[in-house]
2 protein chains.
Amino acid sequence: MKVTIKDVAKYAGVGVGTVSRVLNHGSVKETTRHKVEAAIKKLNYQPNTYARGLKANRTNTIALIIPTIWHPFFSEFAYYIEKYATAMGVKLFLCNANHNSEKEYEYIQMVKRNKVDGIIGITYSNIDQYLSSHLPFVSIDRHFSEDVVYVTADNEAGGRIAVQELIKRGCQSVCFIGGYQQIPNETKKRRQAFERTCQEQAISYSILDLEEPILDLDKQLTSFFLSQPEIDGVFAINDTMALDVITCLKKLNKSVPEDVQVIGFDGQKISEHADYLVSSIVQPIDQMAKMAVQRLTEIIDGKQVVKRTVLPVKFVPGDTTLFVQT
Amino acid sequence: MKVTIKDVAKYAGVGVGTVSRVLNHGSVKETTRHKVEAAIKKLNYQPNTYARGLKANRTNTIALIIPTIWHPFFSEFAYYIEKYATAMGVKLFLCNANHNSEKEYEYIQMVKRNKVDGIIGITYSNIDQYLSSHLPFVSIDRHFSEDVVYVTADNEAGGRIAVQELIKRGCQSVCFIGGYQQIPNETKKRRQAFERTCQEQAISYSILDLEEPILDLDKQLTSFFLSQPEIDGVFAINDTMALDVITCLKKLNKSVPEDVQVIGFDGQKISEHADYLVSSIVQPIDQMAKMAVQRLTEIIDGKQVVKRTVLPVKFVPGDTTLFVQT
DNA sequence: CTGTTAGCGCCTTCAG
DNA sequence: CTGAAGGCGCTAACAG
C-alpha cells in the first residue's frame, strides 16, 4: 500500500542510500539514477514529509493569525500572504483568532512543536508575554514592546493626508470618528496625526473616539452629528466606520458628499475586481503582505532583520468626496 | 537546546515509555504522573509533531482549496471551515487555487506525502483525473463523475423558490441572468429549476447565460434589458451578478425594486456583522462547512460515508424585492 | 504499573 | 560511486 524508499530501492535493485541521493543532492552514476527514477515513477513513490521533517527540522509552513478571515481587509491580506508564501514554496495555516488569545498561543506552541516555521499575525490580544525575540514572528499594524519585527502602513501620513484632502475640498469643520481598544496598536496614530494636522492647519475639529466593542454605534453617531451640525468633513478610522457614518448621515438627511464629505481608511474592496467602497486612505496591502512574508523568511533563515517596516499610503478619491482639479 | 522525551524521562527519573504514557492514554501512578508533569513543565517540553506523525501516520491537518479567499462567499465559507476544523482539533491549510489546477494537484500530492489528511475543495478545474475514491476529498458544489463525496446547497429548490417569490410579488415577466463555465457543477441547477418552474407556472421568461470569463458584462446586460423592457423580475445566478444587474438597471433609469425586482443567490455579506447585499436565496454556509468537515473526518477515519449531502436554502428578502404580507 | 526495545521513513556518515 | 548501518523523537508492544 504505502510505498517507501525501501520499496524503491528494492525495485531498482540498489540501496536506500542511493535512492536518497538521487532524491536530494545527487552524485549518482547516470545509469543508476535512471533505474531509480524509473522505479520511483513506477511505484508512484512520494517521500514522507514526516520522516523528512524529523531530520530536517524545517516544515516550510507558516501560520497566519488574523481576527477573522470573514472581512474584506483581512481576506485581502490573507490572499496576498498566501500568494507570496506559495511563491516561496511555503504553505500557509489559517487561524481566525477572534480575540481568542488561547488560539493564538496554540499556534505559538506549534512553532516549538516543529509544526510551523513561523507566524505572521494581526492580533489585538495580550500575547506579548509569549513573544520572544527567538520566536519567528512578524506583527502587522502593531508594535509590541519587545523587539518584535513588524510591518505597518504609514498611519501617521494617512491621518495627515486625510485632513489635507478634506481641506482641499473646502471643508470648514472636520471630525475624526473612530473606535479603539486598550491594546496599543499603530492605528491610533491615525487619530493623533489627524489632531496634530488640524491644529497646524488651524481648522476647527472634533473627535468621537469610542471604546470597542461599541454599543449602539448608530445612536452615538446620530447624537454626535446632531450636536455638531456644522461638520462638513469626516475622517473615519476605517472604511467600515465610514460606511456606518454615511448610513447615519443619510438618515439625518445630509447628503454625501455634497453636505458632508467622508474619507475612510484601508481601501477596502469586497473582492479583487470590485471598486473601493468609499474615498479612502488606501493601505498597500499587497506590499505589506509581501514584506511580511519576506521578513519572516529572513528571520527563519537566521538573517539580520529590519525591525520596523513602514509602507506608504495614498489617498484614493471615491464617491464620498467632491471632485477637485489636481 | 531542543528538549526531547528522553530529557524529560531522565529529569523525572523514569523511562521514556512512562512519559509517553502520561502524554497520551495515561494509566500511570498518580505520583509518577506528577513527577513527569513537573519535568515537562520545568523543561518546557513540546512533543515534536514530526516524530509523532511518523508513527501515527496522521497529521490532523486538512487543506481548503478555493478559487480565492478574497471574496465574501469564500471567505465566509473558509471562516466556518476553520471554525469547525479547529473544534475538531484539526489545523487548516489555505490554498487560493485561482483556477490553477497545478496548485490543486500540489495539495493532492500533499495527502500522499502525509502532509495533510484530506482536502475540502471548491474547484472548477479538471482535477477529476487525480481524484480517486481512495483520496480523502470532499467537494463543494460540484459533483465529480466518480464517487467523490460532495456537499451542496439545494440549488434546485433555490431556482424554484426564486421564481415563486418573484411571482408572489407581482412579477409578470422574469429572467435568469447567469454565467457558466464548461466544467459542470451544481450551480447549473439554478437555471434549470428556474426554467422548469417558469414553465410550470406559465410565466413568460427569458435567459441570459454567458460563458465565463464574461467580457463587457455591462454592455451585454444593457442590451439585454433594452431589448426586453417588459422584464420586471430578475433571478441572478449569484449576488455578485445581482449587484451588477442592479447597477445596470439604475443606469437605465429603472428603479429597484419598484420597476424591477431582483433576487440573487448565496446570501453574501461582506463580513459577519454586515447585512445581506440583496434579496437572495441564502445558502446555509455554516452548515455546509460543518457537514464538509464532518464528512471529511468520516472519510479519514475510514467510516462509511454518505456520498451526497444536500442542504436546504431559504429566501431572505432584502431591499431589492417588494414587501409582501406573509 | 513501568522500563526497555523495536521500528516509523528518511538522511547521512562510513566503509567498501 | 554505492550498500550498510545508525539515529532523528516518538509510540506501542513486551517483559518485568
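Note on naming: letters A, B, ... go to the chains in the order of the sequence lines (proteins, then strands), and numbering restarts at 1 for each one.
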**OP:** Verify the distance criterion only: is there a donor paired with an acceptor across the side chains of Asn57(B) and Tyr50(A) at less than 3.5 Å?
**Re:** no
Original post:
So Trp70(B) and Tyr79(A), would you call those rings parallel, tilted or perpendicular, with 30° and 60° as cut-offs?
Top reply: tilted
Subject >> Any side-chain heavy-atom pair of Thr86(B) and Asn96(A) under 4.5 Å >> reply: no
Original post:
Does the side chain of Arg52(B) get closer than 4.0 angstrom to OP1 or OP2 of dT11(D) through an N or O atom?
Top reply: yes
Subject >> Spacing of Asn57(B) atom CG relative to dG7(C) atom P, expressed in whole Å >> reply: 17 Å
Subject >> Gln46(A) CD - dC10(C) P separation (whole Å) >> reply: 10 Å
Subject >> Residue Ser20(A), side-chain atoms from C-beta onward, closest of dG3(C), dC10(C), dC11(C) >> reply: dC11(C)
Original post:
In whole angstroms, how far is the P atom of dC10(D) from the CD1 atom of Ile40(B)?
Top reply: 10 Å
Subject >> 5′-ward residue of the pair Val28(B)/Val16(B) relative to DNA chain C >> reply: Val28(B)
Original post:
Which listed nucleotide (dA4(D), dC8(D), dT2(C)) is nearest to the side chain of Leu54(A)?
Top reply: dC8(D)
**OP:** Identify which nucleotide among dC10(C), dG9(D), dC1(D) has an atom closest to any side-chain atom of Ala51(B), counting heavy atoms from C-beta outward.
**Re:** dG9(D)
Original post:
Tyr45(A) side chain N/O closer than 4.0 Å to the phosphate oxygens (OP1, OP2) of dC10(C)?
Top reply: yes
**OP:** Answer yes or no: does atom NZ of Lys42(A) have more than 12 heavy-atom neighbours from other residues, nucleotides or ligands under 6.0 Å?
**Re:** no
Original post:
Starting at CG of Asn48(A) and ending at P of dC8(C), how long is that distance when rounded to a whole Å?
Top reply: 12 Å
Subject >> Greater than 12 external heavy atoms within 6.0 Å of Lys188(A)'s NZ >> reply: yes
Subject >> Residues Lys103(B), Glu106(B): salt bridge by 4.0 Å N-O rule >> reply: no
Subject >> Side chain of Arg21(A) - closest among dG9(C), dA4(D), dG9(D) >> reply: dA4(D)
Original post:
Which of residues 107-114 of chain B sit near DNA chain D, with a heavy atom under 4.0 Å from it?
Top reply: none
Subject >> Euclidean distance, atom CG of residue Asp7(A) to atom C1' of dC10(C) [Å, nearest integer] >> reply: 13 Å
Original post:
Mapping Gly13(A) and Lys55(A) onto DNA chain D by nearest heavy atom, which one lands closer to the 5' end?
Top reply: Gly13(A)
**OP:** Measure the distance from CG on Asn24(B) to P on dA13(D) and round it to the nearest whole Å.
**Re:** 12 Å
**OP:** Give a yes/no answer on whether the side chain of Thr32(A) brings an N or O atom under 4.0 Å of OP1 or OP2 in dT2(D).
**Re:** yes
Subject >> Heavy-atom check, side chain of Tyr80(B) versus side chain of Val293(B), under 4.5 Å >> reply: no
**OP:** Find the distance Lys6(A):NZ to dT2(D):C1' and express it as a whole number of Å.
**Re:** 18 Å
Original post:
Please give, in whole Å, the distance from dG3(D) P to Ile5(A) CD1?
Top reply: 12 Å
